[in-house]
2 protein chains.
Amino acid sequence: MRALGVTNDTALLRRLNTRATLHALRQGGPQTLTQLARAAGLSRQTAEVALADLTERGLAEESSPTEGRAGRPARRFRFRAEAGHVVGLDVGPRRILAMLADLNGDVTEQRWLDADEHMPAAERLALAERAATACVEAAGLARGGVWAATVGTSGVVDRSGRVSVSTLIPGWTGLDLGGHVGRWFGCPGFAANDANLAAVAEHWRGSARHVDDLVYVLSGYRAGHGLLLDGRLRTGRTGSAGELGRLPLAGWEDPSVVLGEAGRDAEEIFQAAQAGDEQALAVVDRLAHGLARGASALVLVVDPELVVVGGGLSRAGEPLLERMRAHLAEMCLNPPEVALSTFGEESIALGAVRMALDHVEQERLGL
Amino acid sequence: MRALGVTNDTALLRRLNTRATLHALRQGGPQTLTQLARAAGLSRQTAEVALADLTERGLAEESSPTEGRAGRPARRFRFRAEAGHVVGLDVGPRRILAMLADLNGDVTEQRWLDADEHMPAAERLALAERAATACVEAAGLARGGVWAATVGTSGVVDRSGRVSVSTLIPGWTGLDLGGHVGRWFGCPGFAANDANLAAVAEHWRGSARHVDDLVYVLSGYRAGHGLLLDGRLRTGRTGSAGELGRLPLAGWEDPSVVLGEAGRDAEEIFQAAQAGDEQALAVVDRLAHGLARGASALVLVVDPELVVVGGGLSRAGEPLLERMRAHLAEMCLNPPEVALSTFGEESIALGAVRMALDHVEQERLGL
DNA sequence: TCCAATTATGAGAAGATGCGACGTAAAGCT
DNA sequence: AGCTTTACGTCGCATCTTCTCATAATTGGA
């Protein structure tokens with residue numbers, strides 16, 4: 001029970017109202033003083049004071065004085081999204097993606113780099129740093145221009161940003177990933193599980209925009225489940241929430257085995273299935289069954305509104321979804337909606353950006 | 001995004017400070033003005049104003065003027081827990097328990113009534129109302145003295161307090177349980193799943209007091225799982241979170257079948273197991289295995305800190321826990337702690353009390 | 001070109017709240 | 001009875017918000 005009796009003087013009011021003004025400014029784009037005051041639920045004078053404060057902190061700026069309407073031209077303000085930036089990284093077994101985004105979360109730079117599955121940890125880290133600094137330099141940011149950074153990776157990542165279990169990436173287990181990335185830019189650094197970050201991205205701007213309880217199924221080469229409840233990430237005590245590896249689910253089939261038995265290239269099967277090929281559809285059905293088995297455990301446990309399917313198998317598209325819906329309907333009392341991931345391969349880095357922004361908004365913007 | 005720009009004037013400060021004062025008053029018991037001010041982080045004057053407000057609302061009272069210390073006697077204030085009451089009910093297939101509690105959550109009246117498994121819904125409801133009103137009348141409460149009421153029952157209960165699925169109680173499906181109990185006392189009425197309420201009770205005052213992420217396993221005649229994350233109940237979109245009934249878990253055994261095969265009375269087996277009887281221990285191990293199977297799904301999905309075991313099988317005590325720990329350790333990467341329920345048969349009604357209090361604290365006390 | 005209409009600004013007054021300081025009251029102790 | 005101790009109560013001041021009203025800067029039409 002904190003945040004109650006810390007400083008309930010008028011300074012708190014001021015902070016609250018500045019926060020409300022900043023929120024209104026970020027939500028509604030460039031606005032006049034009067035519009036901002038109305039949006040924030042404040043008087044014009046109060047909004048003005050708040051904006052003076054924000055301007056001094058570099059977060060707001062008075063912009064183009066007017067546009068063609070009757071009456072005295074209104075003062076317009078805009079949010080200075082370029083006042084700070086965050087870095088989001090996806091460090092996978094085979095590829096690395098770095099993104100640089102401004103305070104609006106708009107991605108201004110991004111770099112893909114290829115990695116090797118067997119690459120040692122130090123080399124992979126160096127590659128990730130190169131991808132990230134390339135973005136930062138391309139944007140011409142000064143030292144201290146990165147306010148927070150987050151890495152997403154496969155494996156179990158604990159609250160402190162340390163990888164506690166990683167089976168896919170050599171030398172990864174025990175690595176303080178969050179600490180490393182923070183040191184690169186002299187800013188707070190975080191790390192999280194890839195499926196969890198993908199879930200965050202979908203909730204932020206993707207298929208799960210209007211949903212607060214969702215399960216993300218990362219299928220394919222990297223597998224895992226992400227869990228968002230009440231709009232917040234659930235990683236569990238040790239960060240291993242959603243790691244179903246050892247749950248003895250009856251009748252589960254490994255996707256790679258299924259695809260192996262099919263004897264055709266995955267992409268080929270997916271296209272054939274979308275064209276209506278019976279044999280390919282049967283393969284997709286078996287894949288869907290496997291995904292639904294895993295997802296059903298999460299669905300039965302948390303009863304979410306939506307299941308978002310991402311990762312390699314999601315390239316099978318609508319036929320896969322349709323079969324997953326059917327299988328989930330058999331396995332669950334109240335089957336949730338099922339949707340495809342919006343962002344595909346970029347979702348993990350995008351979720352990392354969002355997580356870094358969460359920190360910035362809370363700590364530096366005081367939101 | 002609300003609660004930002006609603007009324008950020010000084011009245012908000014006042015509400016916040018009154019809230020802080022009330023919080024300090026409830027936490028620390030009867031205290032002097034100065035102590036209260038310090039605990040709430042306010043000046044004495046501000047605390048005084050807040051207390052005047054609370055006194056007017058009947059929530060605080062100036063009590064015994066002094067005790068034997070040097071100096072001018074301090075004014076002492078106490079929280080008037082008797083200003084309001086809540087009702088918590090446990091309506092099960094065979095028994096009904098009603099509790100009346102004051103604003104501190106202290107149970108002042110309680111009544112058990114026997115029901116029959118085959119009793120029609122209307123009759124069961126009438127019995128529940130009788131149990132509850134008996135408590136209210138015994139306490140001599142005036143009309144309007146009950147500020148909120150909650151019922152716990154087996155089955156799936158949705159957010160609105162309606163029973164959407166009930167297999168154990170005839171006529172229960174579709175019943176607006178929350179609405180009924182609210183109408184009895186002319187107050188807000190709520191209903192929730194029994195295992196969930198038991199989890200709430202354990203988190204409130206039981207084995208899970210110091211833990212915010214927990215899974216409650218209600219074992220035995222009534223089965224189910226309760227889920228608390230971040231200290232808050234997770235019921236899911238439709239209220240069916242934790243209903244694993246249709247999860248195809250390999251190697252799961254029905255407890256009643258296990259006990260049936262054992263050929264002895266359950267109570268007898270539990271006692272023998274606690275005395276070290278090998279055969280009885282084997283039965284307990286099979287039961288523990290079944291419970292752990294179900295619990296493991298929840299544990300793997302949400303990675304909680306603690307699993308609390310309640311319900312009939314929990315009477316097997318420490319041997320059951322010990323076996324569950326062993327089985328969970330096999331099934332989970334990071335096995336959580338396992339503990340026995342503190343409250344036994346009263347946990348559901350107690351959780352109902354707590355849920356009613358949650359509503360009262362939020363809506364009537366403005367906490 | 002000038003004037004009315006329109007819209008927003010800017011300054012001042014009033015109301016509410018919180019806090020620090022200082023004098024005062026009420027007890028115990030010698 | 002007087003001193004010490006502890007807490008009370010009042011006063012004044014600072015902060016913050018809102019309301020009001022006069023003023024400024026445009027547009028559009030006569």
Side-chain angles (χ1 to χ4, degrees), chain A residues 3-25 28 30-56 60 62-78 366, chain B residues 3-25 28 30-56 60 62-78 366:
Chain A
L4 272 184
V6 266
T7 42
N8 285 355
D9 52 358
T10 47
L12 176 66
L13 264 193
R14 176 80 156 253
R15 276 206 305 284
L16 251 39
N17 287 337
T18 304
R19 175 198 298 191
T21 307
L22 180 55
H23 185 77
L25 188 61
Q31 290 162 83
T32 76
L33 206 50
T34 330
Q35 289 171 326
L36 275 170
R38 179 185 309 274
L42 302 171
S43 72
R44 212 185 50 243
Q45 292 88 326
T46 307
E48 195 171 1
V49 171
L51 279 166
D53 184 16
L54 290 171
T55 303
E56 187 160 359
E62 195 160 351
S63 60
S64 52
T66 175
E67 89 277 33
R69 292 189 53 194
R72 175 172 179 162
R75 297 171 62 187
R76 296 177 73 80
F77 290 86
R78 69 174 205 91
Chain B
L4 273 183
V6 265
T7 42
N8 284 354
D9 52 0
T10 49
L12 174 66
L13 266 193
R14 176 80 156 251
R15 273 205 306 284
L16 251 39
N17 287 337
T18 304
R19 174 196 299 191
T21 307
L22 180 55
H23 185 75
L25 188 61
Q31 290 163 83
T32 77
L33 206 51
T34 328
Q35 287 172 327
L36 276 168
R38 181 185 308 273
L42 303 170
S43 70
R44 210 186 52 242
Q45 295 90 320
T46 307
E48 194 171 359
V49 172
L51 278 166
D53 184 16
L54 291 171
T55 304
E56 187 161 2
E62 197 160 351
S63 61
S64 53
T66 175
E67 89 277 32
R69 292 188 52 192
R72 175 172 179 163
R75 298 171 60 187
R76 297 177 71 80
F77 290 86
R78 68 175 206 91

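All chains are named by letter (A, B, ...) in the order of the sequence lines, taking the proteins before the strands, and each is independently numbered beginning at 1.
Checking D/dA25, C/dC19, D/dC16 against every side-chain atom of A/Arg14, the shortest atom distance belongs to D/dC16. Ranking D/dC8, D/dA25, D/dT17 by closeness to the B/Ala74 side chain, first place goes to D/dC8.
Under the side chain to side chain donor-acceptor pair (under 3.5 Å) criterion, B/Gln31 pairs with no residue, sequence neighbours left out. Partners of A/Ala50 under the side-chain contact (heavy atoms from CB on, under 4.5 Å) rule, at least two apart in sequence or in another chain, are A/Thr18, A/Thr21. In this structure B/Gln45 satisfies the side-chain contact (heavy atoms from CB on, under 4.5 Å) test together with B/Ser43, sequence neighbours excluded. For A/Ala47, the side-chain contact (heavy atoms from CB on, under 4.5 Å) partners at least two apart in sequence or on another chain are A/Ala37.
In this structure the side chain of B/Leu12 reaches within 4.5 angstrom of the side chain of B/Leu16, judged on heavy atoms. The shortest side-chain heavy-atom distance between B/Leu51 and B/Glu62 does not fall under the 4.5 Å cut-off.
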Restricting both atoms to N or O, compile the protein contacts to nucleotides 3-5 of chain D shorter than 3.5 Å, with distance only.
{"unit_1": "D/dT5", "atom_1": "O2", "unit_2": "B/Gly71", "atom_2": "N", "d": "3.3"}

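Looking at residues 45-53 of chain A, you'll see A/Gln45, A/Glu48 sit with a heavy atom under 4.0 Å from some atom of DNA chain C.
Contact between A/Phe77 and A/Leu36 at its shortest, heavy atoms only, is CB-CD1, 4.1 Å.
Heavy atoms of A/Ser43 sit under 4.0 angstrom from at least one base atom.
Rounding to whole angstrom units, CZ of residue A/Arg15 and C1' of D/dC16 are separated by 14 Å. C/dC19 atom C1' lies 12 Å from atom CG of B/Leu13, rounded to whole Å. In this structure, A/Glu62 places its CD atom 14 Å from C1' of C/dG10, rounding to the nearest Å. Computed from coordinates, the B/Arg75 CZ to C/dA27 C1' distance equals 16 Å when rounded to whole Å. Per the geometry, CG belonging to A/Leu16 stands 16 Å off P belonging to C/dT17, to the nearest Å. Computed from coordinates, the B/Arg19 CZ to C/dG18 P distance equals 14 Å when rounded to whole Å. Per the geometry, CG belonging to A/Leu33 stands 13 Å off P belonging to D/dT18, to the nearest Å.
Checked by distance alone, B/Arg44 brings no side-chain donor or acceptor within 3.5 Å of a matching partner on the base of C/dG20.
Note on B/Thr10: every side-chain N or O is 4.0 Å or more away from OP1 and OP2 of C/dG18. Put simply, B/Asn17 has no side-chain N or O that comes within less than 4.0 Å of OP1 or OP2 on C/dT17.
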